[in-house]
Amino acid sequence: MQQHQNPLFISHGSPMMAVENSNTSRFLQRLGQQLPTPKAIVVFSAHLDVTDDVVITAGARPETIHDFYGFPDELYQIRYPAPGAPVLAKQIADTFMSAGIKVNLSLTQGWDHGVWIPLKLMHPQANIPIVQISINTRVSAAQNYRYGQLIASLKHDNILIIGSGGISHNLSEVFRQPKTPNGVDMMNQFTKWVEEKLVNNDTESLLSYIQLAPFAQFNHPTQEHFLPLIAILGASEAGVAQKIHQDVEYELLALDAYSFTETGCIR
């Protein structure tokens, strides 16, 4: 019998997490040690936001992408040489195409920092094959949810499905001077709303978070860091959400993480 893997949503925070000792970096290290070792990992990352065909990584040895600037040199020296999983990528692509979704199986797309930073902490040996699937901020939340639904069965085959983004992600506000009055309260109201909807399995409200959540646009001026959570909701198949980590960087970047357990199979 195959090991079941609970889908995860992880807030990956600043790239400095790769080299700094923080509450969240320690959490990710522990998480990798506590979870059963998957045979492969599928990731929806905020940093592969594609307008047209869904991109699915299909290379055997994808490169490490340093898709950020202005950070210490040591960050740019890091490599995460985890292998790809071309056979699994083709399986996923076939599933998407059978659902009428156009796919680009990319042999050249590498691991962006939404992939390699959390996984370097969770699995520093870089020995677990990875497939990355793009999100799309130009389509509805419901369509990104559908992406997760299409691969939901993989979790029953010892494949870990991860959404890597941020529960809140207003970088411009972090660096703004003076800051917006009550910004911290606006962030807290939003993250509490998200937690309430998740633990109560209110998918309908979450798919309309832009319209319904308090201060949604303040917390996500652009939507790429929230949509990996929506995709993981789809992959969870109405699973039970449990908050497994809570932290905040720079007063405004919430780093909540969630695990989604099958109904009736809490562990």
Side-chain angles (χ1 to χ4, degrees), residues 7-12 41-59 62 65 67-68 84-85 88-119 130-155 159 161-172 190 194 197-198 203-213 216-217 219-237 258 260:
L8 301 173
F9 174 77
I10 292 168
S11 297
H12 59 250
I41 300 172
V42 178
V43 185
F44 293 96
S45 166
H47 299 284
L48 187 57
D49 178 14
V50 176
T51 305
D52 298 315
D53 300 351
V54 171
V55 170
I56 299 174
T57 59
I65 303 173
D67 49 346
F68 43 77
L88 176 59
K90 178 63 164 56
Q91 175 188 336
I92 294 170
D94 288 345
T95 301
F96 272 65
M97 289 187 289
S98 295
I101 298 172
K102 294 181 179 179
V103 168
N104 171 15
L105 271 172
S106 175
L107 297 175
T108 58
Q109 176 67 40
W111 310 138
D112 64 55
H113 79 270
V115 175
W116 67 261
I117 286 181
L119 290 185
I130 301 169
V131 173
Q132 184 174 359
I133 305 174
S134 63
I135 58 162
N136 189 342
T137 56
R138 286 77 169 180
V139 299
S140 65
Q143 181 69 355
N144 286 272
Y145 180 84
R146 179 65 174 146
Y147 297 165
Q149 285 183 308
L150 289 170
I151 64 165
S153 63
L154 296 178
K155 64 180 178 285
I159 294 173
I161 308 172
I162 294 177
S164 177
I167 286 291
S168 69
H169 195 263
N170 189 340
L171 281 182
S172 61
F190 176 81
V194 172
K197 301 308 177 187
L198 285 171
T203 299
E204 184 175 349
S205 291
L206 286 159
L207 292 180
S208 299
Y209 73 96
I210 294 176
Q211 296 79 26
L212 298 181
Q217 292 289 352
N219 285 277
H220 290 281
T222 56
Q223 305 307 309
E224 73 281 350
H225 276 76
F226 199 77
L227 290 179
L229 173 62
I230 297 296
I232 292 302
L233 269 178
S236 78
E237 298 179 300
Y258 288 88
F260 293 83

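Just so it is clear, the values below take in all heavy atoms, side chains as well, and ignore hydrogens, waters and symmetry mates. Positions are given from 1 along the sequence.
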So [Y] and [X], do their side chains get closer than 4.5 Å, heavy atoms only?
{"X": "Lys90", "Y": "Leu105", "value": "yes"}
{"X": "Asn170", "Y": "Asn219", "value": "no"}
{"X": "Leu212", "Y": "Lys197", "value": "no"}
{"X": "Asn144", "Y": "Thr137", "value": "no"}
{"X": "Ile161", "Y": "Phe44", "value": "yes"}

Subject >> Test log, rule side chain to side chain contact (heavy atoms under 4.5 Å, CB included), inputs Ser134 and Val54 >> reply: CA-CA 6 Å; Ser134 63; Val54 171; 3.7 Å; yes

Between [atom1] on residue [X] and [atom2] on residue [Y], distance to nearest 0.5 Å:
{"X": "Ile41", "Y": "Ile159", "atom1": "CD1", "atom2": "CD1", "value": "10.5 Å"}
{"X": "Tyr145", "Y": "Thr203", "atom1": "OH", "atom2": "OG1", "value": "4.5 Å"}
{"X": "Ser153", "Y": "Glu237", "atom1": "OG", "atom2": "CD", "value": "7.5 Å"}
{"X": "Asp67", "Y": "Trp111", "atom1": "CG", "atom2": "CH2", "value": "13.5 Å"}
{"X": "Lys102", "Y": "Asp52", "atom1": "NZ", "atom2": "CG", "value": "9.0 Å"}
{"X": "Asp94", "Y": "Ile56", "atom1": "CG", "atom2": "CD1", "value": "9.0 Å"}

Original post:
Among Val115, Ile130, Leu119, Val42, which one satisfies side chain to side chain contact (heavy atoms under 4.5 Å, CB included) with Ile162?
Top reply: Leu119

Spell out, as yes or no, whether a donor-acceptor pair under 3.5 Å connects the side chain of [X] to the backbone of [Y].
{"X": "Asn136", "Y": "Val50", "answer": "yes"}
{"X": "Lys155", "Y": "Ala235", "answer": "yes"}
{"X": "His220", "Y": "Ile167", "answer": "yes"}
{"X": "Ser164", "Y": "His12", "answer": "no"}

For residues [X] and [Y], report the shortest heavy-atom separation together with the two atoms involved.
{"X": "Leu150", "Y": "Ala99", "result": "CD2-CB, 3.8 Å"}
{"X": "Thr57", "Y": "Ala89", "result": "O-CB, 3.1 Å"}
{"X": "Pro62", "Y": "Gly110", "result": "CB-CA, 3.9 Å"}
{"X": "Ile230", "Y": "Leu206", "result": "CD1-O, 3.7 Å"}
{"X": "Pro7", "Y": "Ile232", "result": "CB-CG2, 3.9 Å"}
{"X": "Ser45", "Y": "Asp112", "result": "OG-OD1, 2.8 Å"}

Original post:
Would you call the rings of His113 and His47 parallel, tilted or perpendicular, where under 30° means parallel and over 60° means perpendicular?
Top reply: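 Tilted, since the angle between the ring planes falls between 30° and 60°.
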
Original post:
Which of parallel (below 30°), tilted (30 to 60°) and perpendicular (above 60°) describes Phe96 and Tyr147?
Top reply: tilted

**OP:** Would you please test Gln109 and Asn104 for side chain to side chain donor-acceptor pair (under 3.5 Å) and show each step?
**Re:** CA-CA 10 Å; Gln109 176 67 40; Asn104 171 15; over 6 Å; no

Subject >> More than 12 heavy atoms from other groups under 6.0 Å of CD on Gln211 >> reply: yes

Original post:
Ion pair present between Asp49 and Arg138, side-chain N to carboxylate O less than 4.0 angstrom?
Top reply: yes

**OP:** Could you please spell out the steps behind the side chain to side chain contact (heavy atoms under 4.5 Å, CB included) verdict for Leu233 and Phe260?
**Re:** CA-CA 8 Å; Leu233 269 178; Phe260 293 83; 3.9 Å; yes

**OP:** Would you check if the distance from the ring center of Tyr209 to the ring center of Phe226 is below 6.0 Å?
**Re:**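 When the ring centroids of Tyr209 and Phe226 are compared, they turn out to be within the sub-6.0 Å range.
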
